[in-house]
Amino acid sequence: MPPKKPNQKDDLSDFKQLAFRASIDMVSAIIIGVGVGYFGDMYWSYAPLGILIGFCFGAAAGFLNVYRGVKKLQDTDSERL
Amino acid sequence: MDNPLHQFEVTTLIPINVLGYDISFTNSALFMFLAIVSIFSLFYLGLRHRAIVPGKLQSLVELIFEFAETMTEENIGPDSLKFLPFVLSLFLFILFGNMLGMIPYAFTFTSQIILTFALAAIVFVGVTLVGFLTHGVKFLGHFMPSGVPIVLAPLIVPIEMISYLSRPVSLSIRLFANMMAGHTMLKVFAIFTIALGFFGISTIIVNILLIGFEFLVAFLQAYVFSVLTCLYLKDALSTH
């Protein structure tokens with residue numbers, strides 16, 4: 001079987017899917033982090049400390065999500081090669 | 001001119017009120033019911049004869065089943081058969097919801113975040129239960145990756161926990177956003193067609209392409225939702 005030519009359009013749509021997935025992974029972690037911080041503030045009146053810490057942890061978790069998603073993709077790509 | 005978001009309005013068809021709770025039969029419920037009925041009738045009609053040489057419908061049913069079987073096998077591993085019924089029903093429900101939504105004037109129930117979130121919450125609770133049932137309290141060790149110095153625990157554990165809790169949110173937003181964005185775009189281009197008069201032919205061509213793309217998205221999102229469910233299950237089953 002002749003090797004399949006790399007299709008630029010396919011790559012682009014793959015990239016779009018990846019970008020969409022990564023953005024949702026990032027945003028959802030921040031939503032959870034900020035949500036936990038916000039409700040923590042309501043209970044323990046340390047506002048705005050909770051929301052700030054929550055945002056930082058949420059952003060870190062978001063980066064972790066994105067990193068894991070991309071790494072998984074990279075691993076499957078190298079398996080294919 | 002019509003509102004592009006009009007198609008997502010939930011309207012009451014049969015008002016039902018039980019103990020002060022509004023549990024009316026809505027258009028959303030109607031299409032969920034239709035999805036279930038069509039899945040059941042497809043499987044009933046397809047598997048009625050159980051021929052050795054399958055007919056058209058039986059081949060279709062077998063194709064769907066084998067597709068889900070390979071998907072779970074590849075993503076979960078040796079224990080996959082236990083979870084096949086759950087993953088297959090989830091996949092079929094979302095797929096039929098998306099596909100029924102492609103019929104003109106139909107309601108797309110997967111474009112409602114409350115429904116996608118409910119599905120994602122079922123997956124989340126189920127996966128957590130599977131994790132605790134297989135590993136017991138050791139399942140909590142997932143939040144502390146091996147090889148991390150204990151000093152970093154106060155940083156790593158909350159980050160891992162937020163990452164774990166964000167799964168149902170990302171799972172539900174992904175499906176809901178894809179379906180809602182696609183259907184809104186179709187409607188917007190349809191409105192352009194009317195507004196442009198004769199030149200509306202150009203937007204009709206765009207809309208035909210978009211409808212093809214929407215069918216792809218409808219299938220792909222059902223697939224992505226079930227594959228992610230499988231991956232989460234694998235995560236819960238594995239010991240690091």
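Chain letters run A, B, ... following the sequence lines, proteins first, then strands; residues in each count from 1. Please read these numbers as outputs of a predicted model, since none were measured by experiment.
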**Report entry** Lys/Arg-Asp/Glu bridge criterion (N-O < 4.0 Å) met for B:K234, B:E73
**Finding:** no
Report task. Flag the one option from B:L171, B:L165, B:L231, B:V224 with the top tally of heavy-atom pairs under 4.5 Å to chain A. Result -> B:L165
Query - Neighbour count >12 (heavy atoms, 6.0 Å) for atom CG, B:L209 - result: yes
Report task. Examine B:F132 together with B:H135 and report whether their ring centres are nearer than 6.0 Å. Result -> no
Report task. Check the surroundings of atom CG in B:L5: do more than 12 heavy atoms from other residues, nucleotides or ligands lie under 6.0 Å from it? Result -> yes
**Report entry** Pairwise side-chain contact, B:F215 with B:N98, heavy-atom cut-off 4.5 Å (strictly under)
**Finding:** no
**Report entry** Toward chain B: residues of residues 21-33 of chain A with heavy atoms under 4.5 Å
**Finding:** A:R21, A:I24, A:D25, A:S28, A:A29, A:I31, A:I32, A:G33
Query raised in the report: Would a line drawn from the ring center of B:Y232 to the ring center of B:F124 be shorter than 6.0 Å?
Result: no
**Report entry** Structural part of A:F20 lying under 4.5 Å from a heavy atom of chain B
**Finding:** side chain
Report task. Could you list which of residues 174-181 of chain B have a heavy atom closer than 4.5 Å to any heavy atom of chain A, in residue-number order? Result -> B:R174, B:A177, B:N178
Query raised in the report: Shortest non-hydrogen contact from B:L115 to B:F93?
Result: CD2-CE2, 4.4 Å
Query raised in the report: Would you call B:R167-B:D235 a salt bridge at under 4.0 Å N-O?
Result: yes
Query raised in the report: Are B:F91 and B:F67 close enough that their ring centers fall under 6.0 Å?
Result: yes
Query - B:L210 CG to B:I205 CD1 distance, which is reported to the nearest 0.5 Å - result: 12.0 Å
Report task. Please step through ring-ring contact (aromatic ring centres under 6.0 Å, His included) for the pair B:F86 and B:F83, ending with a clear verdict. Result -> CA-CA 6 Å; B:F86 175 63; B:F83 302 104; 8.2 Å; no
Report task. Examine whether an atom of B:L155 lies under 4.5 Å from a heavy atom of chain A, and if so say whether it belongs to the side chain, the backbone or both; otherwise answer neither. Result -> both
